[in-house]
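Working notes for the structure below.
We use all heavy atoms of the structure for the numbers below, so side chains are in, but hydrogens, waters and symmetry mates are not. Please read these numbers as outputs of a predicted model, since none were measured by experiment.
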Amino acid sequence: MRDPAWPPPAVLSGVDFNAPSIEVARALIGVGLFVDGVGGRIVETEAYDEDDPASHSHRGPSTRNGAMFGPPAHTYVYRSYGIHWCLNLVCREAGHGAGVLIRAIEPTAGLAVMRQRRGDVGDRQLCAGPGRVAQALGITGDHGALPLDHPPFELRAADTPCEVACGVRIGISKAAEQPWRFGLAGSRFVSRPFR
DNA sequence: CGTGAGATGATCT
DNA sequence: GATCATCTCACGG
């Protein structure tokens, strides 16, 4: 018998982080994400789940992906290609190994700090891509497995409902046909256009 | 606009 | 030893 009081609610800024990663990835579009006040609204995400060959969690818990199996509404940060950091938001009840990759943000706060971290690039390229998001927001491995409702992190609910586009994920070779990439329709801050 | 190569290191086989 | 949830720069049309 399932206890209706379990799992405990993990709703932040209108997003239910206990939901499956696909739903969370969709719900996160338009939500504000800030690290020490620097950030903007999320305009592109990708969903990953344990039943997903492309997911780091697919082969079960390990040293790297441990946070994916931890509590929802926490971060999972990993190093990509030995160079970049990438930020995920963990979802599902603890133990499921699901998360949402933050792929792009429309910068709204701390633009000067972002430019300092990112170098001399146009505003459109400040946060267009997972590695760029992490660099612009100052995210490193130290930001892994942290709760999203405590500093330095902050979420803000979307102020207006938004139209969400979806497409296949980017940069993966396994389960490459799954349409688990989501974006704010018409946004010019996404890493690649939706069709 | 496009394609392609190199950087760079942890993780997994 | 191979594979990566990437980025930047160089070059061609």
Fill in the blank from the handout: Tested for salt bridge (Lys or Arg N to Asp or Glu O under 4.0 Å) against A:E44, the lone hit among A:R26, A:R132, A:R103 is A:R103
Practice task
Measure from NE2 on A:H84 to P on C:dT6 and round the result to the nearest Å.
Solution key: 9 Å
Exercise for the section: Sugar-phosphate atoms are those with a prime plus P, OP1 and OP2; base atoms are the rest. Using that split, label each nucleotide of nucleotides 8-13 of chain B B, S or - for protein heavy atoms under 4.0 Å, 5' to 3'. Expected result: BB-SSS
Practice task
Give the minimum heavy-atom separation between A:I170 and A:R181, together with the two atoms involved.
Solution key: CD1-NE, 3.4 Å
Handout entry: A:H96-A:F69 aromatic ring centre distance below 6.0 Å
Key = no
Exercise for the section: Establish, yes or no, whether the cationic atom of A:R92 lies under 6.0 Å from the six-membered ring centre of A:F17 and within 45° of the ring axis. Expected result: no
Handout entry: Nucleotide C:dC7, atom P - distance to CG of A:L126 in whole Å
Key = 13 Å
Problem - Sugar-phosphate, base or nothing in reach of A:L101, heavy atoms under 4.0 Å - result: base
Problem - Nearest-angstrom distance from the residue atom CD of A:E44 to C1' of C:dT6 - result: 13 Å
Problem - Reading 5' to 3' through nucleotides 8-13 of chain C, protein heavy-atom contacts under 4.0 Å coded B for base, S for sugar-phosphate only, - for none - result: S-----
Practice task
Return the stems involving DNA chain B, sorted by first number, where pairs are Watson-Crick (N1-N3 with N6-O4 or O6-N4) or G-U wobble (N1-O2 and O6-N3), both under 3.5 Å, and runs are 3 or more long.
Solution key: B:1-7 with C:6-12, B:9-12 with C:1-4
Problem - Basic-acidic side-chain contact under 4.0 Å: A:R169, A:D52 - result: yes
Handout entry: Rounded interatomic separation in angstrom, taking CD1 from A:I170 and P from C:dT6
Key = 8 Å
Practice task
Check whether NZ of the Lys or CZ of the Arg A:R124 lies under 6.0 Å from the centre of the six-membered ring of A:F189 and within 45 degrees of that ring's axis.
Solution key: no
Problem - Nucleotide C:dA5, atom P - distance to OH of A:Y76 in whole Å - result: 9 Å
